[in-house]
Amino acid sequence: MDGHVTTIFWLCRDFRVADNTALVAALKNGPIAPVFLIDKMLMEQGAASRWRLQRALAAFDADLRRRCGHGVLILRGEAEDELPKLARRISASAVHVTDWPCPQMRRVQDQARKALGDVPLLLHMGHLLIHPRMVHTKTGGAYKVYTPFARAVREAGPDQPIAAPRRIEIAPDLPQGEVLDNLNLAPDMRSGAAVLERHALDPGEAAALARLDDFLSHAKGYGEDRDRLDRPATSGLSEALAVGEISPRTIWAISMRRIQAGDTAADDARKFLSEVLWREFAWHLLIEFPQMDHRPWREEWSRFPWKSHGAGLDAWTQARTGIPAVDAGQREMRVTGRMHNRVRMITASYLTKHLMIDWKQGLRHFQDSLTDWDPASNAMNWQWVAGSGPDASPFFRIFNPVTQAQKFDPDATYLKRWLAGYRGSKSPDAKDYFDTLPRDWQVPSAYAAGDDAQELADRRQAALEAYAKMRD
DNA sequence: TCCCGGTTATT
DNA sequence: ATAACCGGG
């Protein structure tokens, strides 16, 4: 041993230098080969989130070049092939990976580990606030309810984030990889990248930190305003968290510091942290129950008579249900890649309860359309809305999409923003939507207030009856 | 992180 | 007349 051992730093998520335990561990013994893989798993994830991930990769690559003059080695291929090949070529002693603890990634890691043989694959958990094995009930099981889970995490106290490495040394003689500027990881994106681009938030680690700082400086009112469709009260950090441009530990530490210093609205900042804990809860559930994205968490829900396809689903995905809040939300998502959180609940409730269509169909549509797609949050929240998840709302909690809009968007600002022509709206965002439309899509010609009340009531009644029957 | 229809309290 | 509250689903 000469004291300088080359290791592979396999970048999967967590595109950042701060609080990156995999990066620090890889650098400990010598130079690194920072590698990102364009593999089957990546190309099978949703188009919008893949588009967003490419931006995260580009930002990280630029940051790395600034710091050490060398970017990320981008290889096309499967981990089980590419990692052993690279390890042999540069005589790497180990592979350190930024873990992404979802079932798809676990399969990729297992195959890579086998193929790597004597070269160990070392997982570093930077995607979560706290390791799942550190949080369990008194009887040793996983938490199944949010509130005690959140209390347990708060009491355990998340670890402090670790500093960015001072110096990043890159291994010599790396092979030639893909050229970042030539990559188009999301050629299949339905709305087209040009529209999304116009509405995109800045990618990258520095932008995420700046957004957190700015949010905490204006957090007052977040607790109530976060539900308002017409007020920009949220942190806007969901994309950055999904790709790991900022770590939940960093969010936790900075928020707590500012709460203690009296430098932010404490109750609102704490409410924000409780939302970060919902994300955490979703990941712990997915790790405990890997079938979370395709099997009902409560077994009895496999008996529910979901419809799995049909005209209702097309109307829902194509923003032509005729229900203003539902269509507006779908248009917002199509144009920006994001959807207001409450509108996610409203549209999801309408799909599962009024249309009685299987939540897995909605999960798939969101997975393909959201730039902040997160496998754990998406699965948990769909099951929550459908009624089959832990902490689930009982099925009879059916959102009324009309009264929800009246309550959380009293002046119809949000609806006018996304529905061209709605109450005379001429919003540019609403017009952007038409740029994304395939020729064969129809657009509702008008939204008449009140016409849908009876139909909503009838559909609600039908869903309640199906629920009662399921429970017999 | 609900809806709805009811009752009671407040103007 | 309407807001605020309540209980059952």
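Letters A, B, ... mirror the listed sequences (proteins, then strands); counts begin at 1.
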Please list, pair by pair, any protein nitrogen or oxygen found under 3.5 Å from a nitrogen or oxygen in nucleotides 1-3 of chain B.
unit_1, atom_1, unit_2, atom_2, d
B:dT1, O4, A:Trp278, NE1, 2.9
B:dC3, OP1, A:Asn400, N, 2.8
B:dC3, OP1, A:Gln404, NE2, 3.3
B:dC3, OP2, A:Gln404, NE2, 3.3

Compile the donor-acceptor pairs under 3.5 Å between side chains in residues 289-297 of chain A and protein atoms, sequence neighbours left out, one pair per line.
none

Requested in this report: To the nearest Å, give me how far apart CD (A:Gln461) and P (C:dG8) are.
Outcome: 19 Å

Query - Contacts of type side chain to side chain donor-acceptor pair (under 3.5 Å), residue A:Gln383, not counting sequence neighbours - result: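 In terms of side chain to side chain donor-acceptor pair (under 3.5 Å), with neighbours along the sequence ignored, A:Gln383 is linked to A:Ser388.
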
Requested in this report: Could you tell me which residues satisfy side-chain contact (heavy atoms from CB on, under 4.5 Å) with A:Asp213, sequence neighbours excluded, listed by chain and number?
Outcome: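 Counting only residues at least two positions away or on another chain, A:Asp213 forms a side-chain contact (heavy atoms from CB on, under 4.5 Å) with A:Ile254, A:Arg258.
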
Report task. Could you list the residues that satisfy ring-ring contact (aromatic ring centres under 6.0 Å, His included) with A:Phe60, not counting sequence neighbours? Result -> none

Query raised in the report: Which pairs, with at least one residue in residues 457-472 of chain A and sequence neighbours excluded, count as a salt bridge (Lys or Arg N to Asp or Glu O under 4.0 Å)?
Result: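 Of all non-adjacent pairs touching residues 457-472 of chain A, those that pass salt bridge (Lys or Arg N to Asp or Glu O under 4.0 Å) are A:Glu455-A:Arg459.
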
